[in-house]
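Below: one structure, written as structure tokens.
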Amino acid sequence: MRVPLAVVGLNESDIENVVSVLRSGKLTMGDKVAEFEIAMADYLNVDHFIMVNSGSSANLLIFESLLRPLNGAPRLENGDGVLVPAIAWPTSIWPIIQLGLVPIFVDVDRDTFGLDLDSASDAIAKSKIPVKAIFPIHPLGYAIDQDKLSSFAHLNSLILVSDVCESLGSWNRGLHAGMSGIAASFSFYFSHHITTMEGGGIATNDSEMADDFRSMRSHGWSRDRLIPMNNDIELSAPESKFQFVTTGYNVRPTEIQAAIGLSQIKHLDEFIVKRKNLVARVSNSIKNTPLTLVVDKKITKNLNSENHSWMMIPICVNADVISKEKVQDFLEDNGVETRPVLTGNFLDQPVMKKLSGYVSDVSLDNANWVAKNCFLIGAHHDYTEQQINHLTQVLSMTRSIK
Ligand SMILES: Cc1ncc(COP(=O)(O)O)c(C=O)c1O
């Protein structure tokens, strides 16, 4: 029996939707994308959702729009510092470096793996460059406290933008994760809460920024903008379709992706309930073992908390009893797939040894501790009952590994 980190997760109605798009003859971005964007905006309770081809592209457009908005008033400039967590995903960091900004790595909290605001204060105090933005990752389904994030940003005059690629369906203080900032990225890669195979998007309540995302995902053209443009040049209808007003990329999604998303999103709440039930069973199975479920102390007693939608299950090992490697080998030998927590401490990745253009001035003790002692197993909503039984049995057997 195998329990992979994720399963494909497509149901019959997803497949029917794809077939009907294929038969329709309209495959590139169109009505289905628009419909999916409305469904996502409704779900997140935000004004705008702009779908793109991946969560990584969503991160790229967020920073592009902060640097080169159409309104000529950039919120960030070349060389500005952006606070990021050391436990990060590569494409949370690359757009910052690629667009001439400077990631400033800060430590994470051991109980949640989220960016630690004390460490962020320390990084600001030590920084030799202007620190202008903070880009927290809401990790693995956990919504970081939005009030704390927004007051910290306010107090330090920082732009708050968030990477919510791992935490669709996670709420905090009445807001969806990421929505206390000005924009937040999402991913629909197949292991996430809903899938469009590959796919992602950006949520924002800022209408100008939303229009910039609409231009920037499509070469920089004006045709998808909602706010009427103040044009100096009168263009005839066919010409106006080829008017380019911002820098841009081609990171559009297809109708096929949106059609899958439309049928998946109807099941999102049900998927999250299944994930929470799985976590409760995993939590029971690791009692009296050297393993601990990583969960914010505030929600330990209520694993049903709306602050957590459980993208994966983070587990730490009591290093006084056994090493993480021994536990992972045991699980893998018994068919349970495991992986590092995101990428571990991202600064330990080989590529970072070769790169310059980032700052790491503060202690990253917690990130190093997490990388050394913790790992992830899957939390997928489509595991079979046999897979769940197998998973919990194997986990409970870790109490007797020698
Ligand atoms: C925190 C984080 N940001 C960004 C991404 C990138 O999303 P995508 O794979 O859709 O490009 C991921 C991927 O899982 C992620 O975990």
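Atoms within each ligand, like the ligands themselves, are counted from 1 in listed order.
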Counting only heavy atoms not in [X] (residues, nucleotides, ligands), do more than 12 fall under 6.0 Å from its [atom1]?
{"X": "Lys128", "atom1": "NZ", "answer": "no"}
{"X": "Gln98", "atom1": "CD", "answer": "yes"}
{"X": "Lys26", "atom1": "NZ", "answer": "yes"}

Is ligand 1 less than 4.0 angstrom away from at least one heavy atom of [X]?
{"X": "Gly199", "result": "yes"}
{"X": "Glu198", "result": "no"}
{"X": "Gly200", "result": "no"}

With heavy-atom distances below 4.0 Å as the criterion, list the atoms of ligand 1 near Ile137. 1 (C)

Sub-4.0 Å atoms of ligand 1 with respect to non-hydrogen atoms of Ser54: 10 (O), 11 (O)

Nitrogen or oxygen of [X] less than 3.5 angstrom from that of ligand 1:
{"X": "Tyr189", "result": "no"}
{"X": "Thr91", "result": "no"}
{"X": "Gly55", "result": "yes"}

Hey, are the side chains of Ile272 and Ser309 touching, using non-hydrogen atoms and a 4.5 Å cut-off? yes

Which residue and non-hydrogen atom of the protein lie closest to [atom], and at what distance in Å?
{"atom": "atom 3 (N) of ligand 1", "answer": "Asp163 OD2, 2.7 Å"}
{"atom": "atom 16 (O) of ligand 1", "answer": "Glu166 OE2, 2.6 Å"}
{"atom": "atom 6 (C) of ligand 1", "answer": "Ser56 OG, 3.4 Å"}
{"atom": "atom 12 (C) of ligand 1", "answer": "Trp89 CD1, 3.4 Å"}

Going through the distances and angles, do Phe63 and Phe135 end up as a ring-ring contact (aromatic ring centres under 6.0 Å, His included)? CA-CA 10 Å; Phe63 286 99; Phe135 190 46; 4.9 Å; yes

Aromatic ring proximity, centroids under 6.0 angstrom, Phe36 and Phe188: yes

May I ask you to say whether Glu198 pairs ionically with Arg252, meaning some side-chain N is under 4.0 Å from a carboxylate O? no

Carboxylate-amine/guanidinium proximity below 4.0 Å for Glu385 and Arg281: yes

